[in-house]
Amino acid sequence: MAKELKGIAASDGVAIAKAYMLVDPDLSFDKKTIDDPDAEVKRLHDALDASKSELELIKNKASENLGEEEAEVFEAHITILSDPELIGNIEDKIKNDTVNAEQALKDVTDGFIETFEAMTDNQYMQERAGDIRDVTKRVMSHLLGVELPNPALINSEVVIVAHDLTPSDTAQLDRKFVKGFITDIGGRTSHSAIMSRTLEIPAVVGSEKATTAIQSGETVIIDGIHGLAIVDPDDSQVAEYQKMQSDFLEQKAEWEKLRDEKTFSKDGVHFDLAANIGTPDDIKGVLDNGAEAVGLFRSEFLYMDSSELPSEDDQFEAYKKVVEGMNGKQVVVRTMDIGGDKQLPYLPLPDEMNPFLGYRAIRISLDRTDLFRTQLRALLRASAYGKLAIMFPMIATVAEFKKAKAIFEDEKQKMVQAGKKIGDNIQVGMMMEIPAAAMIADKLAKYVDFFSIGTNDLIQYSFAADRGNEKVSYLYQPYNPSLLRLIKKTIDASHAEGKWTGMCGEMAGDQTAVPILMGLGLDEFSMSATSVLKTRSLMKRLDTNEMKKLAEKAVTDAETNEDVIKLVQEALNN
């Protein structure tokens, strides 16, 4: 019998496919005394051989989808499984202690992991501890006859079911086979939700019980439009959602006709519609969806997709590829936004009670100026190849911005003196995502070239509510008058100084928020590329004079998030 799971609509569209459980299996076991050590050693080698064969497949798939460099980690894992010292120690443990292969594997690898982790003066060796953990889990799964999930090896149409999806998980998803996904946790601004929109995969997040309510192989409908999943649907439900899927694709075809148009309101006011990207490869989606700029290049993905700090040259090549690919259209790059929920294994950060409020983003850059200067040099070099702007994340005070800008100017001056070519008029701005900064927007506007409002964090900090915690998801209130007042204050402050304000949070593509933001005078709307054409279609139907009246009511008269939603619905239905 069909059952429904409600969650948060994270990415538009409808998917119908079999469930693929991206959930780690139970790898627990009991220690046993064995009578036949040779048979147990054979069990070990069978598991090692199966693991190596599996890793070869994964390596080839990763090389095909992600590139040779990303696939190297799997070659390292294969090498570990052939290490005579490691294997010899496990064999000796089985024979000398007459224990089962599972126990011998655990005892020996635990010892290696402990040794490597203790090498605090050798970062490379410390990182090997993680590799040994990964390969141990794989060998253990074969000893126990349990299958590990491998998203890179999916070769048939599926719907992914997971507790959550990490950036590395989503990097392995092949859109040809992965038709949608549903998670237990997360909100509309969680990284899994943002990635689903980038990949154009229908998704529902924050369902709370997907991994317990869905069985592997069951047919699942993902309704990413309404935030709903239907498990084991009947024929009539499948037919209904196939029709919805068809209607959605027809609507997308209509939006596609607007791809080469600029974005004008009904009364002829132009707005810039830009796209958010995480990697240079995302540029194709930006151009295919008719975006007029890149309003946010999340440069931290260059750090997260690497096993070591990316060099200046590596960063330069990535930035250059994006700037050149946009053919003269502006690209706004956010400097490294590491910390919070974005950790780097090769750049240990202190354990903190509140990492989102701690050592992250510009705070790391201003402390580790060696990292910051390397990134700024790469950006300055890339600026020679197109229209590039730079913005600093998590600025809280005037002093922070001035200090970051001074480092930029210092590196710029050094390059000019060295005779290196850089772009003209590189704009330098900041993310507006801390309420304290919004309250002094008039002061900051004197020093910045632009503001870019990061609503994902601005909402989180304004309501003291973790954006990834479904228990407080009711406080994700993008239309609340308190938030709208911070946004208005920011826009008005920039315009008073002759500057511009963009928005690169998910709110920029929110169809309820867009009319209000038009009325508030937002200059640039940057969103997931897949939301651009839908938003352009909406803007064409709206008169900015009417939207100004709507925005004034929302900011002045409304008391709640729901009041504002009602105002927008009434305005759009008139």
Side-chain angles (χ1 to χ4, degrees), residues 2-23 65 149-167 169-188 190-256 285 288-289 506 509 528-531 533-534:
K3 54 188 172 187
E4 291 188 359
L5 296 178
K6 287 186 169 58
I8 299 167
S11 181
D12 286 348
V14 174
I16 306 171
K18 301 292 186 183
Y20 179 93
M21 307 302 293
L22 192 57
V23 180
N65 290 340
N150 280 310
L153 297 183
I154 294 171
N155 58 7
S156 61
E157 292 190 356
V158 298
V159 164
I160 298 287
V161 181
H163 180 66
D164 192 16
L165 283 172
T166 66
D169 288 331
T170 51
Q172 297 181 67
L173 303 183
D174 187 335
R175 282 195 297 178
K176 184 166 62 176
F177 299 121
V178 177
K179 297 303 177 182
F181 67 73
I182 180 169
T183 64
D184 292 336
I185 67 171
R188 186 170 168 78
S190 61
H191 290 297
S192 56
I194 292 169
M195 287 299 293
S196 69
R197 291 188 285 277
T198 299
L199 294 168
E200 299 186 64
I201 296 175
V204 175
V205 299
S207 70
E208 297 187 3
K209 52 186 179 182
T211 55
T212 55
I214 301 173
Q215 301 296 314
S216 179
E218 282 188 308
T219 297
V220 180
I221 295 173
I222 298 293
D223 178 355
I225 301 169
H226 303 103
L228 185 69
I230 300 176
V231 186
D232 193 22
D234 59 33
D235 291 344
S236 65
Q237 289 172 312
V238 170
E240 175 189 349
Y241 276 91
Q242 285 175 335
K243 173 69 165 57
M244 186 185 294
Q245 191 177 44
S246 176
D247 290 346
F248 180 73
L249 293 175
E250 284 183 19
Q251 178 65 75
K252 283 187 70 175
E254 283 298 309
W255 292 333
E256 176 68 22
D288 288 349
N289 285 281
E506 289 305 304
S528 298
T530 51
S531 298
L533 295 176
K534 177 171 63 173

Could you walk me through whether I230 and K3 pass the side chain to side chain contact (heavy atoms under 4.5 Å, CB included) check? CA-CA 6 Å; I230 300 176; K3 54 188 172 187; over 6 Å; no
On a heavy-atom basis, the closest approach of Q215 and M21 is C-SD, 4.2 Å
Contact between L22 and T211 at the side-chain level, heavy atoms closer than 4.5 Å - yes or no?
no
The reported gap from CD1 in I16 to CD1 in I222 (rounded to nearest 0.5 angstrom) is 10.5 Å
Discussion item. Would Y241 and L228 count as a side chain to side chain contact (heavy atoms under 4.5 Å, CB included) here? Give the steps.
Written reply: CA-CA 11 Å; Y241 276 91; L228 185 69; 3.5 Å; yes
dist K179:NZ -> I154:CD1 (nearest 0.5 Å) comes out at 12.0 Å
Tightest non-hydrogen contact, residues G224 and A9, listed as O-CB, 3.3 Å
Residue set satisfying salt bridge (Lys or Arg N to Asp or Glu O under 4.0 Å) with E240, at least two apart, ordered chain then number -> none
Problem - Salt bridge present between D12 and K534 (N-O < 4.0 angstrom) - result: yes
**Message:** Closer than 4.0 angstrom, basic N to acidic O: yes or no for K6 and E4?
**Reply:** yes
Is there side-chain contact between S531 and E506, with at least one heavy-atom pair below 4.5 Å? no
Is there a side-chain contact between Y20 and P149, using heavy atoms and a 4.5 Å cut-off?
yes
Nearest heavy-atom contact between S236 and D234 is OG-OD1, 2.7 Å
Are the side chains of K252 and W255 in contact, using a 4.5 Å heavy-atom criterion? yes
Non-hydrogen side-chain atoms of K18 and T219 separated by less than 4.5 Å: yes
Closest heavy-atom pair, A213 versus E218, reported as atoms and distance to 0.1 Å, is O-OE1, 4.1 Å
Separation between CD1 (I225) and CG (D247), nearest 0.5 Å, reads 9.0 Å
| query | Do the side chain of D164 and the main chain of D184 share a donor and acceptor less than 3.5 angstrom apart? | reply | no
- request: Report yes if the side chains of I185 and H163 come closer than 4.5 Å at any heavy-atom pair, otherwise no.
  value: yes
One should read off an interatomic distance between I214 CD1 and D232 CG, to the nearest 0.5 angstrom, of 11.0 Å
All heavy atoms of V220 vs all of A229, minimum pair found to be CG1-CB, 4.4 Å
So CD1 of I182 and OG of S207: to nearest 0.5 Å the spacing works out to 4.0 Å
Heavy-atom nearest pair, P233 first then A2, reads CA-CB, 3.9 Å
Between the CD atom in Q251 and the CG atom in L533, the distance rounded to the nearest 0.5 Å is 10.5 Å
